[in-house]
There are 2 protein chains.
Amino acid sequence: MTDTTMAERPHVRGSLNRDRVLHGAIEFADREGIEPLTIRRLADHLGVKPMTIYHYVANKEAIIDGMIDLVFDEIERPPADDAWRTGIRARAVSLREVLRRHPWATPLMESRTNPGAGTLGHHDALVACWYRSGLPLEFIAHGLAVVDAFVYGFAMQEAALPFGDHQGDLTEAAEEIILPLPTGDHPHLVRFTQEYVLQPGYDFGRSFDFGLDLILDGLEAAAARERAAGDA
Amino acid sequence: MTDTTMAERPHVRGSLNRDRVLHGAIEFADREGIEPLTIRRLADHLGVKPMTIYHYVANKEAIIDGMIDLVFDEIERPPADDAWRTGIRARAVSLREVLRRHPWATPLMESRTNPGAGTLGHHDALVACWYRSGLPLEFIAHGLAVVDAFVYGFAMQEAALPFGDHQGDLTEAAEEIILPLPTGDHPHLVRFTQEYVLQPGYDFGRSFDFGLDLILDGLEAAAARERAAGDA
DNA sequence: GACACTACTCGTACTAAGTACGATGAGTCA
DNA sequence: TGACTCATCGTACTTAGTACGAGTAGTGTC
């Protein structure tokens with residue numbers, strides 16, 4: 001057998017760059033998770049030896065920073081001409097979709113201290129949309145905090161659902177974790193699992209639209225009240 | 001000098017147990033964060049050699065599981081006799097306080113697959129409170145998801161704030177990260193930072209009560225609407 | 001009081017991961 | 001052709017998790 005396998009042939013010079021490293025890392029993390037992402041495994045994934053990676057990034061932290069910045073860049077930014085509610089809603093939905101594609105990213109999005117262009121640009125566009133709403137500054141701050149808290153928190157819970165977040169897996173997991181508990185303990189948990197979670201059409205994701213609209217309704221109503229009080 | 005230092009004297013037999021290991025780990029993580037928590041450092045903290053720890057726990061994962069279970073146990077459970085809104089609110093506030101004491105815990109709370117007695121007991125009491133509300137099952141599911149998403153997401157954002165979450169630190173951080181950006185880029189971000197975040201009385205935490213009550217109001221209103229529609 | 005038994009503690013050492021340092025070698029241009 | 005550059009990699013050091021088994025302090029028994 002001739003050794004023409006990708007893995008065995010030395011890597012072609014010049015075919016790597018910072019962007020390919022970061023995208024390779026994201027691909028790997030999407031498939032395997034962030035914990036198994038090591039320099040050595042990433043090198044394998046890129047068809048390269050470990051130390052080659054350090055030609056393009058300072059260290060592993062810089063890889064994570066870069067990955068998160070690319071993820072922020074995937075999020076749809078609120079367009080400049082929409083009503084605030086439309087823009088904020090579209091961006092929230094997009095954020096949630098992006099976090100579904102990259103579940104490993106959720107806990108990292110807000111905790112990095114080296115924001116890149118993607119991160120900053122995203123936040124700038126978001127704040128801009130809130131400003132255009134004409135709401136009082138304090139409402140803007142509340143709106144920013146509450147919507148993001150909800151979306152990130154929801155994404156965290158979704159990420160915790162066993163794998164595909166589509167039936168089957170969840171059913172098995174629920175049956176394996178909740179149902180075999182010491183009989184009689186946790187009756188409400190067991191009841192809820194049987195009565196609701198294990199029912200045919202169950203879909204955790206439905207609570208997302210419900211919650212998002214509930215929050216946006218609440219913000220709008222509170223803003224209207226505020227405005228009325230100001231006029232009086 | 002006689003060697004009477006704690007650190008130098010061998011550890012007194014029998015003074016360690018699983019609980020002390022877990023509480024020691026929590027103390028350490030509260031002070032230093034979860035990443036610096038290593039078996040060796042935990043051993044030092046406990047005045048013991050690394051391998052001693054393995055007499056009480058199977059491995060590091062089991063330590064994390066145990067820590068999270070203890071954290072769940074710190075959360076106030078909704079009392080059985082309150083109105084649902086009171087109970088849910090108190091528990092949400094308590095959850096947020098607990099997550100402020102243990103910021104490292106937030107991303108782990110919902111992602112462990114080996115729940116212990118504290119975790120299960122907490123969730124059972126929570127579900128019980130929702131059941132007592134008499135709301136339709138689907139509302140209960142939405143309520144569970146939305147309130148927790150908000151609280152966990154908010155805690156995540158709070159944890160990301162630089163240290164003490166009390167002035168000073170935040171001011172410095174905002175000035176160091178946001179203000180020195182390439183001039184003219186991100187004008188809205190800079191504006192918001194200067195106009196709001198860097199103002200004297202700024203307190204991110206104020207958005208918590210605002211958001212929580214907004215969500216609870218929304219849930220109550222939606223439930224009332226639902227009930228009215230059912231009666232008709 | 002001597003001995004054996006148990007439970008706790010620890011020394012040693014192996015594996016995996018991040019990465020410093022400097023060697024190698026492929027292109028490129030004079 | 002030879003020198004220079006820079007992408008790639010080999011080697012090796014450090015830190016972390018932890019398997020294995022040796023020591024040892026108490027405890028109970030005769």
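Just so it is clear, the values below take in all heavy atoms, side chains as well, and ignore hydrogens, waters and symmetry mates. Chain A is the first sequence line, chain B the second, and so forth, proteins listed ahead of strands; every chain is numbered from 1.
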Given [options], which nucleotide is nearest the side-chain atoms of [X]?
{"X": "B/Thr52", "options": "C/dT19, D/dG17, C/dT9", "result": "C/dT9"}
{"X": "B/Pro50", "options": "D/dT8, C/dT9, D/dT18", "result": "D/dT18"}
{"X": "B/Lys60", "options": "C/dA17, C/dT9, D/dG17", "result": "D/dG17"}
{"X": "A/Met51", "options": "C/dT9, D/dC9, D/dG17", "result": "D/dC9"}

A quick test of your reading: do over 12 heavy atoms of other residues, nucleotides or ligands sit less than 6.0 Å from [atom1] of [X]?
{"X": "B/Arg101", "atom1": "CZ", "answer": "yes"}
{"X": "B/Lys49", "atom1": "NZ", "answer": "no"}
{"X": "B/Arg206", "atom1": "CZ", "answer": "yes"}

Specify the separation, in whole Å, of atom [atom1] of [X] and atom [atom2] of [N].
{"X": "A/Leu16", "N": "D/dC6", "atom1": "CG", "atom2": "C1'", "result": "14 Å"}
{"X": "B/Lys49", "N": "C/dA13", "atom1": "NZ", "atom2": "C1'", "result": "16 Å"}
{"X": "B/Leu37", "N": "D/dG17", "atom1": "CG", "atom2": "C1'", "result": "12 Å"}
{"X": "A/Tyr54", "N": "D/dC9", "atom1": "OH", "atom2": "C1'", "result": "14 Å"}
{"X": "A/Ile39", "N": "C/dA20", "atom1": "CD1", "atom2": "P", "result": "11 Å"}

So, A/Asp65 and A/Lys60, do they make that salt bridge, N to O below 4.0 Å?
no
Checking all strands, does B/Thr38 fall into the base, sugar-phosphate, or nothing category for heavy-atom contacts under 4.0 angstrom?
sugar-phosphate
Counting only side-chain N and O atoms of B/His55, is one of them less than 4.0 Å from OP1 or OP2 of C/dC8?
yes
Would you kindly compare A/Arg40 and A/Val48 by the position of their nearest DNA chain D nucleotide and give the one closer to the 5′ end?
A/Val48
